[in-house]
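Quick notes on the structure that follows.
Sequence lines set the chain letters: A, B, ... in the order given, protein chains first and strands last, and positions in each chain run from 1.
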Amino acid sequence: MTLRTATTFRRELFSLAPGVGRDSRPLSTTDAARGPLSAAQIEQHLGDNTSVA
Amino acid sequence: MTLSAFLLQGQRSCVDDRDAQGVIGTPGGDAGELLLGLAATERVRGRALEQTNVLRLLEHHTDTFERSYMHSDIHAMNRLMVDGLRKDDRVVPHLGVVFAAEEWRAWLGKPPRAGREAVLFHLTRPTNIGGGHLKFAITAGADYGVRLELAEHLLRAFPTLRRAGAPEFEFVILGGDHVGGAVANVVVPGDLRSYTRVPLVSPMVAGHQMFVNHPQVTSFLRREPGAHLARADVVAAADTAALADAIEAPGQQQAGQTLGRLARGLPLFGLTLAHGSALVVRQTGVV
């Protein structure tokens, strides 16, 4: 299995629709606050989470 | 990874604010760009593309560019399964025992032959489409310059090709809701070159979400797939330049339509690559 295939597999396996049948536990939740972001919040958002490929 | 490497091995993700990975964002991701290119192809050749044409063109595209991305979301997938497939008499007899997420994924990956057409039907219903761009292209086709049937051909082609054994057609399911607080246009100063390094930005980080758009990079990346479409015997070689024109301007229009619907009223920021990997953040307007 190539790295690309492995990454795809992981992403798809763990993100397919829950809430149906026995597995009703949300697999992905969002706690994001609503409302417009400021420039300072954007900079904080970027932080270490941006890569220059 | 440079732009040239990204062109041949990367994927364009959607601008969607729910993706937690670093992305190159354009409305609809690869699927949105493919739909844009297919619609442009129809305009240049003056004839509609049939389902068989679209299947062949997607195979042709992905054989060269290695992968294609389409996304949905958990809400749409739940509607598909609960309100669509489980209530369809054409499907229910063939469902067997499917409850858990991985069981559904396996079943949807290779539905029994007798139920396939019904599954494709449900996958093209707007309520079961989790990506805003593709859904809007179907429900407001006139605003996008896209025929309904062409958008449905694309939506049917992805699962059909995956079932045929081509996992390169990635189908990503995003979780959560649209609570993005900004639209970020990522800008690289100067002309883009094959060796230009491009910032990948994660739309969802630690409680913040924003829509991430790379219009400049997307415009660059459109050149090769656009010309590639022209080589697939569906338009004349002499029409390559016309096809490029037929892709770029509608692409900008479609981006405006989708971001206007998903992010109206949100602040618009430019994220400009400065020295090293730093991004300078500056508000440039409101969507």
Query raised in the report: Quick one: salt bridge (Lys or Arg N to Asp or Glu O under 4.0 Å) partners of B:D17, sequence neighbours excluded?
Result: none
Query raised in the report: Nearest heavy-atom pair of A:L37 and B:Q209: which atoms, and what distance?
Result: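 Taking A:L37 first and B:Q209 second, the nearest heavy atoms are CD1-O, 3.6 Å.
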**Report entry** Partners passing side chain to side chain contact (heavy atoms under 4.5 Å, CB included) against A:S38 (at least two apart in sequence or in another chain)
**Finding:** A:A40, A:Q41
Query raised in the report: Do B:M210 and A:L46 touch side chain to side chain, with heavy atoms closer than 4.5 Å?
Result: yes
Query raised in the report: Considering only heavy atoms, which portion of B:L80 lies under 4.5 Å from any heavy atom of chain A: side chain, backbone, both, or neither?
Result: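 Nothing of B:L80, per the 4.5 Å heavy-atom cut-off to chain A.
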